[in-house]
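Keep in mind the model is a prediction, meaning the values are calculated, not measured. Quick note on labels: first sequence line is chain A, next is B, and so on, each numbered from 1.
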Protein chains: 2
Amino acid sequence: MGQKITIKEVAKQANVSVATVSRVLNGRDRVSKETKEKVLKVVKELNYVPNTTAVSMITKQTQMLAVVVPDIENPFYTAVIKGAVSVARQEGYYVFVFSTNDNVKEESIFFESAQGRNVDGVILVGAHKEEAFYKSINKPVVLVDRYIEESGLDGVVINNFRGAYDATTHFIENGHRNIAVIIGPQDFNDGTERYWGYEQALKDHNIEPVNEYYKEGDWTEKHGYESTFELMNGSNPPSAILGANNMICQGAIKALRDLKLEIGKDISLIGFDENDIAEFVEPRVSVVKRPTHEMGVHATEILIQKLTKKESTSTVPKKVTLGCELLKFGSVRNLRNGG
Amino acid sequence: MGQKITIKEVAKQANVSVATVSRVLNGRDRVSKETKEKVLKVVKELNYVPNTTAVSMITKQTQMLAVVVPDIENPFYTAVIKGAVSVARQEGYYVFVFSTNDNVKEESIFFESAQGRNVDGVILVGAHKEEAFYKSINKPVVLVDRYIEESGLDGVVINNFRGAYDATTHFIENGHRNIAVIIGPQDFNDGTERYWGYEQALKDHNIEPVNEYYKEGDWTEKHGYESTFELMNGSNPPSAILGANNMICQGAIKALRDLKLEIGKDISLIGFDENDIAEFVEPRVSVVKRPTHEMGVHATEILIQKLTKKESTSTVPKKVTLGCELLKFGSVRNLRNGG
DNA sequence: TTGAAAGCGGTACCAG
DNA sequence: CTGGTACCGCTTTCAA
């Protein structure tokens with residue numbers, strides 16, 4: 001069972017040395033046509049496949065990449081993974097997925113054991129907030145989505161600020177002034193940048209942010225659901241809500257349904273990230289679409305480039321910022337045209 | 001960068017032999033307390049972690065499991081993966097996810113390259129239909145969801161027949177006789193068993209299956225959507241529809257919405273597998289719930305058991321069949337009580 | 001063009 | 001209880 005025949009066996013049957021077999025297989029040195037064919041024939045007959053573990057010992061490379069995400073069941077991350085996998089496969093790498101449950105401890109455990117375990121590089125949507133952690137990883141890393149500013153680390157992020165800014169501005173342009181935001185923790189760029197975008201859009205239009213309209217919590221459906229209830233049952237319900245990620249948005253939609261409020265009429269809503277529910281309801285909910293797949297693609301390209309081109313300008317940190325797109329459907333009511 | 005210090009370095013600094021260091025680390029033989037502490041101290045100081053590649057060369061084990069699924073973006077499979085990961089991690093294994101796009105070719109490519117690449121075992125939701133393929137994999141394998149009957153392979157499946165039978169019976173008990181089924185290809189047990197369950201339930205209640213009510217296609221939302229349109233726009237629309245997987249069910253729900261048909265009133269619907277949309281709509285759509293997470297858990301348990309207990313009754317094929325549960329909500333109208 | 005041999009970083013057997 | 005050493009399967013000088 002498993003790996004049986006070795007290069008030695010091939011060499012013996014082909015009546016050559018193991019060195020020659022190795023040469024033929026890797027095309028390194030010149031080998032006479034005859035011996036080459038002879039070796040290849042035996043390789044085929046024996047169905048020989050080199051043992052990658054042994055190869056790794058010598059090359060110090062495993063051709064394996066780790067993709068570490070908070071939650072493998074969140075469509076946002078599976079899209080990133082899929083993007084990463086497509087590039088990796090193309091370049092002859094294998095991808096090894098690890099889910100941390102957005103837990104700092106589990107993430108640490110991974111990196112401790114990954115120390116000896118050989119992955120050539122890592123694509124990481126990190127749970128840690130300390131720059132020190134990322135710098136302690138002694139393997140090439142590319143950060144995705146979450147990024148530590150000024151850290152000099154490689155990363156692929158999206159313009160969260162812009163996304164939130166555009167969404168909020170869209171509300172304002174439609175005459176909304178009582179705009180609430182339901183958002184996740186403000187301890188990472190994904191959260192803070194979105195809040196800043198929201199806040200800046202308000203300020204640019206001379207609207208003072210109101211504490212009552214600010215709902216910070218987890219990036220969960222539950223938070224979206226409960227916050228929406230609180231907002232709408234408050235003394236001064238907003239006319240518009242920005243749900244700052246896919247789960248929160250889903251929660252908001254469900255809450256509005258349960259509150260018997262009609263989206264696009266009684267309440268306006270914009271979400272962050274596409275999601276099944278937002279796509280399903282009528283009117284379809286406008287969302288800030290993030291290029292999830294592309295994030296995985298870019299990150300992997302950068303990583304592999306780091307892995308292969310050792311020279312070059314590898315000292316220059318590469319932080320790629322991708323734009324997002326506001327997909328406008330009918331979930332924002334126009335308050336201006338008396339609508 | 002990467003793996004630098006070796007066991008040799010530790011041995012030198014601790015003034016012992018590499019053999020001793022190895023002993024301390026693996027706790028194999030007895031080592032004096034003093035040397036043990038001495039070694040451990042150096043290990044800590046140097047932050048030494050054994051090179052797993054080297055260990056694998058000797059042990060012939062990598063502690064890595066592959067989970068091969070058709071689509072990493074389908075929630076059904078991510079649930080299976082998560083189940084597998086949880087068990088694997090507990091047992092000290094790492095999981096390596098591979099997505100085949102339900103493509104026979106891609107699946108083959110994986111196994112060809114996995115030949116030399118060392119994973120200790122494989123959990124597989126296969127795309128291949130030939131028993132020969134599965135038997136040619138010279139690594140311990142546990143099949144999940146899709147299974148080749150009489151093959152003697154290990155597998156974890158669910159009782160598709162029962163699930164479809166129960167759902168169909170539920171329709172019948174509510175007075176339905178014109179029951180349609182939208183289903184995937186009939187070339188694998190997941191498809192055939194569900195159809196048989198549907199068919200048997202009809203026959204057991206003296207209802208003759210009608211060709212018009214049978215919609216075979218892909219396991220996609222598109223198929224669900226289009227088939228629903230065809231059914232409802234047909235000359236003799238059914239009063240009930242069984243959507244035989246999550247994607248088909250979602251498609252059906254969207255189609256019914258676009259057709260302005262009210263679920264549970266104008267048309268009754270039951271889906272297979274839980275999904276966001278079915279959960280969201282009102283009334284919530286009844287579904288046959290499959291124990292997805294458990295499938296991953298069981299499969300991994302079986303696999304690891306095969307890997308560790310070499311002796312024992314390992315020759316006895318283990319096919320585990322898990323039951324499913326019909327979650328009844330309000331999507332089936334009772335035609336009997338004049339309802 | 002080819003072969004012999006020295007490792008890669010560990011483990012495990014055999015002495016001592 | 002500890003050290004020396006022969007490998008694991010392969011790549012890569014160094015010679016021939």
| request: Pick base, sugar-phosphate or nothing for Ser56(A), based on heavy-atom distances below 4.0 Å to the nucleic acid. | output: nothing
For [X] and [N], give me the distance from atom [atom1] to atom [atom2], rounded to whole Å.
X        : N       : atom1 : atom2 : answer
Lys36(A) : dT1(C)  : NZ    : C1'   : 13 Å
Lys8(B)  : dT5(D)  : NZ    : C1'   : 12 Å
Gln61(A) : dC10(D) : CD    : C1'   : 15 Å
Asn51(A) : dC8(C)  : CG    : C1'   : 13 Å

| Quick one: which of Phe188(A), Phe133(A), Tyr147(A), Phe110(A) gives a ring-ring contact (aromatic ring centres under 6.0 Å, His included) with His128(A)? | Phe133(A)
[Y]/[X] salt bridge by N-O under 4.0 Å criterion:
X         : Y         : value
Asp154(A) : Lys319(A) : no
Glu37(A)  : Lys41(A)  : no
Arg146(B) : Asp102(B) : yes

Have [X] and [Y] got a donor and an acceptor in their side chains that come within less than 3.5 Å?
X         : Y         : result
Ser17(B)  : Thr20(B)  : yes
Glu301(A) : Gln305(A) : no
Ser56(A)  : Thr53(A)  : no

| message | I need a per-nucleotide contact map over nucleotides 11-16 of chain C, read 5' to 3'. Cutoff is protein heavy atoms under 4.0 Å; write B for the base, S for backbone only, - otherwise. | response | SBB---
| query | Within the structure, does a side-chain N or O atom of Lys60(B) lie under 4.0 Å from either OP1 or OP2 of dG9(D)? | reply | yes
| query | Given dG3(C), is OP1 or OP2 found less than 4.0 Å from the side-chain N or O atoms of Ser17(A)? | reply | yes
| field | Candidates dT1(C), dC1(D), dG4(D) - which lies nearest the side chain of Arg30(B) | value | dC1(D)
| What is the bend of the helix from dT1(C)-dA16(D) to dG16(C)-dC1(D) when you compare the axis at one end with the axis at the other, using five pairs each and rounding to 10°? | 50°
| Do any pairs count as a salt bridge (Lys or Arg N to Asp or Glu O under 4.0 Å) and have a residue in residues 69-81 of chain B, sequence neighbours left out, and if so which ones? | Lys82(A)-Asp71(B), Lys82(A)-Glu73(B)
